There are 2 protein chains.
Amino acid sequence: MTVSRALRDGASIAAETRDKIMKAVEQLGYVLDQSAGSLSSKRTGFVAVLVPSINNSNFADTARGLTDALQGSGLQLLLGYTDYLIEKEEELIESMLRRRPEAIVVTGGKHTPRGRKLLEKAGIPVIETWDLPPKAVRHVVGFSNAEAAEALVRYLHEKGYRKIGFIGGTSNRDTRGADRRLGYERAMAALGLMDTRIISFGTPPISMKQGGEALAQLIEQWPDVEAAICVSDLSAFGALTECQRRKIPVPNRIAIAGFGDFEISSCSHPSITTVGVNCYDIGRRSGELLLRAIEGERARRPIAAETIMTQYSVIARDSA
Amino acid sequence: MTVSRALRDGASIAAETRDKIMKAVEQLGYVLDQSAGSLSSKRTGFVAVLVPSINNSNFADTARGLTDALQGSGLQLLLGYTDYLIEKEEELIESMLRRRPEAIVVTGGKHTPRGRKLLEKAGIPVIETWDLPPKAVRHVVGFSNAEAAEALVRYLHEKGYRKIGFIGGTSNRDTRGADRRLGYERAMAALGLMDTRIISFGTPPISMKQGGEALAQLIEQWPDVEAAICVSDLSAFGALTECQRRKIPVPNRIAIAGFGDFEISSCSHPSITTVGVNCYDIGRRSGELLLRAIEGERARRPIAAETIMTQYSVIARDSA
DNA sequence: ACCTGCTATGTTAGCGATAACAAGGATCCG
DNA sequence: CGGATCCTTGTTATCGCTAACATAGCAGGT
């Protein structure tokens, strides 16, 4: 028991005793067993985080924001990636819950019925991010992808573009991508532009290369297209370079816009007009919310459900 | 006990009993507590993985390879990121070991003395990746970054370039980056090219933007430079676009080469010559090795230390 | 009928920590 | 100097599960 106290801070223990213990600990290479501690104290120090892909800088930024927010709290991320599949998400939710996380952060608001039930019954704070679900499980930190895409369409419209196309993946697996397409369609309709030009190509998330191929399809199918909105900056970059290879001037002959404000968009030549979403901020604020929520659980005074809207903005650059 | 058996497979239990239990489990929303199970069975199902950055597609690929290799084994990644600092690595090693992982995978072969000691005394399989440490803790899955950079210099030399510069970060924090610079220097010396041109700019890992700024410095300091090797593809892309902004023809006036074969290098226009390293493969093979090693531990027949060299190759593209 | 061998379930103990309480000793103050 | 108070250390029970062993019941062969 004294050892247990010595290895934690905040416990009253004689300096001399602590030194002796520390020396022994160092000598033996003893390392505390946290799974035993968790069992006893009912605090695992885990926060489960599910993202679609570990390999996407947007979600990596969110994870970083979360990590930073949790710095010093003794909480550790338990990351899982769903591969954009809600079935895989369901599996992951269950396997995460077995580890008794103190909170769980998921990406998006669409889940399998069982996945949703697991979240609701988990008895821990739940945060849905990157979306504004119509019916949230509890807390939300995100923005409307549809509205953001609408803003981008309006921006292009103001710049004089009318024949605006949209490039995205083939399925609704990526719900945020699907929302963006929806926003595109809504905005086009609202502006009286009824002739939408949509290319669906590749399994989401679509790559740079696929963005290029999709652009080729777009100009083949609608040679008169004036601007292309791409579901993400990666595909936008692919589309841009495809234009360069074909010697199609951007933005003069065709304008290109992306989504996400990846570093590549500000660095490419020409730079790419995009929608900046505060990925890091989503993580950061989720982390802060989550700390308050966990605190509330511990004090047996659960906090009320919160919806935090993060900012997005159209970032005008050279490509559109 | 019967419930415990029902929820695991492989145990002999009557189908009828199992069904009854499953029904109750579903109704109650019961989820097994794995931390208690781990304490009892001494198997946590964790594999600790430390990477420099969660935000680098190379390491993300390695993590994906690991995840894929561990699929179905009941093992789960516990990811930590060190921010390229061995001091942070030391902290992470300790906090990971508290979770009693069944194996630990670290990036690189350089650790703090205490970090190294913790790894050695951990009593679990240890794999160092992405490097070939002079004195490995135990298992290694990687390649020589210095040799790979040498190969790239030789490639440029064969193409006729002589005044070859190197762009990297300001410190040795990124040991792989430092090794690449070392390889550059060695190869230059071996080819009788004594006039090295090295620009150190920005805290590793350097970004696209910093790559561009470094290139500007390079041509300012050595206007006669014919080729630039960049410590990573990201900085190479930044260097490329900086050239495009300055209307410097690539590769005619200056050639550019990167390292890592990120998607951007094959997609940019012109495409970027780089060194392909099998990031995914490093993860995949680490995972396979680790499964064998864990198996060995369980059977009390530890496997011998292994060093798996992964392949790298210079990928000739348009920029050099 | 008896023993063997199998399957299905039950019992007991213990994993390694912490919560909660107990107790010994020093300190302080009137 | 005695009792209150604080600081430090010790004791006991428990967290929720699984390993290991025990037992009950049944089938099958001789």
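None of the values given here were measured: they were computed from a predicted structure. All values below come from the heavy atoms of this structure, side chains included, with hydrogens, waters and symmetry mates left out.
The nearest whole Å value for the distance from the CZ atom in B:Arg18 to the P atom in C:dT7 is 15 Å. One interatomic measurement links the two molecules: CD1 of A:Ile21 to C1' of C:dA17, which rounds to 14 Å at whole-angstrom precision.
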What's touching nucleotides 21-28 of chain C from the protein side, N or O pairs under 3.5 Å?
none

Check: protein-nucleotides 12-16 of chain D nitrogen or oxygen pairs below 3.5 Å:
from: D:dC15; atom 1: O3'; to: A:Lys42; atom 2: NZ; distance (Å): 3.1
from: D:dC15; atom 1: O2; to: A:Ser40; atom 2: N; distance (Å): 3.3
from: D:dG16; atom 1: OP1; to: A:Lys42; atom 2: NZ; distance (Å): 2.8
from: D:dG16; atom 1: N2; to: B:Ala36; atom 2: O; distance (Å): 3.2

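The existence of a salt bridge linking A:Glu26 and B:Arg114 is confirmed by a sub-4.0 Å separation between a basic side-chain nitrogen and an acidic carboxylate oxygen. B:Asp61 and B:Arg64 are joined by a salt bridge, as a carboxylate oxygen and a charged side-chain nitrogen come within less than 4.0 angstrom of each other.
Judged as a salt bridge (charged side-chain N to carboxylate O under 4.0 Å, His left out), and not counting sequence neighbours, A:Arg99 has no contacts.
For C:dA17, neither phosphate oxygen OP1 nor OP2 lies less than 4.0 angstrom from any side-chain nitrogen or oxygen of B:Arg99. When the side-chain nitrogen and oxygen atoms of B:Thr17 are compared with OP1 and OP2 of C:dT9, one or more of them lie within a distance under 4.0 Å. One finds no side-chain N or O of A:Thr2 lying less than 4.0 angstrom from the OP1 or OP2 phosphate oxygen of D:dT8.
Contact annotation for B:Ser38: no contact, since no heavy-atom pair falls under 4.0 Å across all strands.
Using the six-membered ring where Trp is involved, A:Trp130 and A:Phe59 have ring planes that are perpendicular, over 60° apart on the 30 and 60° scheme.
At a cut-off of 3.5 Å, with distance as the only test, a side-chain donor of B:Asp68 or B:Tyr280 sits close to an acceptor on the other residue.
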Exercise for the section: Could you walk me through whether A:Glu102 and A:Arg298 pass the salt bridge (charged side-chain N to carboxylate O under 4.0 Å, His left out) test, one step at a time? Expected result: CA-CA 10 Å; A:Glu102 302 188 33; A:Arg298 290 203 187 126; 2.6 Å; yes
Problem - Derivation and outcome, salt bridge (charged side-chain N to carboxylate O under 4.0 Å, His left out), residues A:Glu288 and A:Arg292 - result: CA-CA 6 Å; A:Glu288 287 161 2; A:Arg292 278 188 292 124; over 6 Å; no
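Taken to the nearest 0.5 Å, the CG atom of A:Asp179 stands 5.5 Å off from the CG atom of A:Asp131.
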